[in-house]
Amino acid sequence: MEATTAAPKKRILSCIQPSGIPTLGNYLGALKNWKTLADEFDGAFAVADLHAITVRQEPAQFRKQINDVLALLLAIGLDPDQSILFIQSQVPAHSQLAWILNCYTQFGEMSRMTQFKDKSQSHADNVNVGLFAYPVLMAADILLYQADLVPVGADQKQHLEIARDIAQRFNTLYSPTFTVPEPYIGKQGARVMSLQDPLKKMSKSDPNPKSYISVFDAPDVISKKIKSAVTDSEGSVRFADGKEGINNLMGIYACCTGLTNEQIEADFAGKGYGDFKAAVAEAVIEELRPIRERYERYSNDKAYLKEVAAQGAERASRVANRTLQKVMKKIGFVLP
Ligand code: TYM
């Protein structure tokens, strides 16, 4: 019989910072897609702890958050035997390639990054060099794994563009070295907005907890937060300019139910915001329930988490070191 060789699967990579409890925005914008794509692609997913120290973290709390986010990756259904699940700081190649890529990135390019501009305003007392060079570390994360696709929320698009620019620049200067990655941004959920100010993105670092739903919020907390979400005075459930609060709730509802905006409008024609908010709350509660339950199990099993991280770091290092060696050789470093 003739042997058939299947085409190698494309690779996807993405990371999440352990800088607080992940929100419904992180879940709908990124994590939910990771789970779907993990079956189709070769996946590598990391807890981006090196990124998180660009703002101050309290050590004991930081350690807990790193473990919690790793437990969350398992709780959303990622399989550590299928995908590579790892903690970024346990794979030294990330820091090593980031330094190298710093030397192939221009000061002017970094100065234009909107997230840097925003964060240097919100952390004006600590505008450190790491915050400035953050997108270069992110480029290193992606390029080390030769990722074809990077599933992220819309807020990361600019960082993806710089990763592509750095890859292309290096490839042109030397010879093809890095895969030039494409962003994967879902049609729905790519930009979940704050429940209190629907012109701002939902963020885990928002000082007002009513503005976001954490993936671990209890059902009654989720109901309360959605009930108090800012809407408008029109009273009809339809997607339109100027109705950002309702548009946001419709987006969340669409992600959790698979319905289109037209179907949602038809289902809620003639009904008020009270009914709609109750339905949104129910859909979010049901979406997050199994994740919260599985998370409780994993987060208490420290030995298992340690084992998953160790196995992930080993597998990740193998892929990452291969790229790093290639890069170092091309630049002219003397390899051991
Ligand atoms: P982070 O930790 O802020 O967020 C993790 C993922 O969640 C998405 N996201 C959202 N999506 C929709 N609506 C929202 N309100 C919302 N808030 C967050 C983010 O777009 C992201 O996909 N720099 C990255 C982490 C990172 C990374 C990487 C990502 C480090 N290295 C390499 C991809 C590839 C960040 O801060 O994500």
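As a basis for the values below, the full set of heavy atoms in this structure was taken, side chains included, without hydrogen atoms, waters or symmetry mates. Quick caveat, the model's predicted, so the values are computed rather than measured. In listed order, ligands and their atoms are each counted from 1.
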**Q** Using ring centroids (six-membered ring only for Trp), state whether F116 and H159 fall under 6.0 Å.
**A** no
**Q** Cation over ring, K225 on Y212, under 6.0 Å and within 45°?
**A** yes
**Q** Is the backbone N or O of F41 less than 3.5 Å from a side-chain atom of K10, with the two atoms forming a donor-acceptor pair by type?
**A** no
**Q** Give the protein residues with at least one non-hydrogen atom closer than 4.0 Å to an atom of ligand 1, ordered by chain and number.
**A** L13, S14, C15, I16, Q17, G25, N26, G29, A30, A48, H51, Y134, M138, D141, I142, V150, V152, G153, D155, Q156, G189, A190, R191, V192, M202, K204
**Q** Give a yes or no on whether the backbone of S236 and the side-chain of K243 come within a donor-acceptor separation of less than 3.5 Å.
**A** yes
**Q** Side-chain polar contacts of residues 66-74 - donor-acceptor pairs under 3.5 angstrom, sequence neighbours left out - could you list them?
**A**
{"from": "D68", "atom 1": "OD1", "to": "Y295", "atom 2": "OH", "distance (Å)": "3.1"}
{"from": "D68", "atom 1": "OD2", "to": "K64", "atom 2": "NZ", "distance (Å)": "2.6"}
{"from": "D68", "atom 1": "OD2", "to": "Y295", "atom 2": "OH", "distance (Å)": "3.3"}

**Q** Checking K271 against F268: charged group under 6.0 Å from the ring centre and within 45 degrees of the axis?
**A** yes
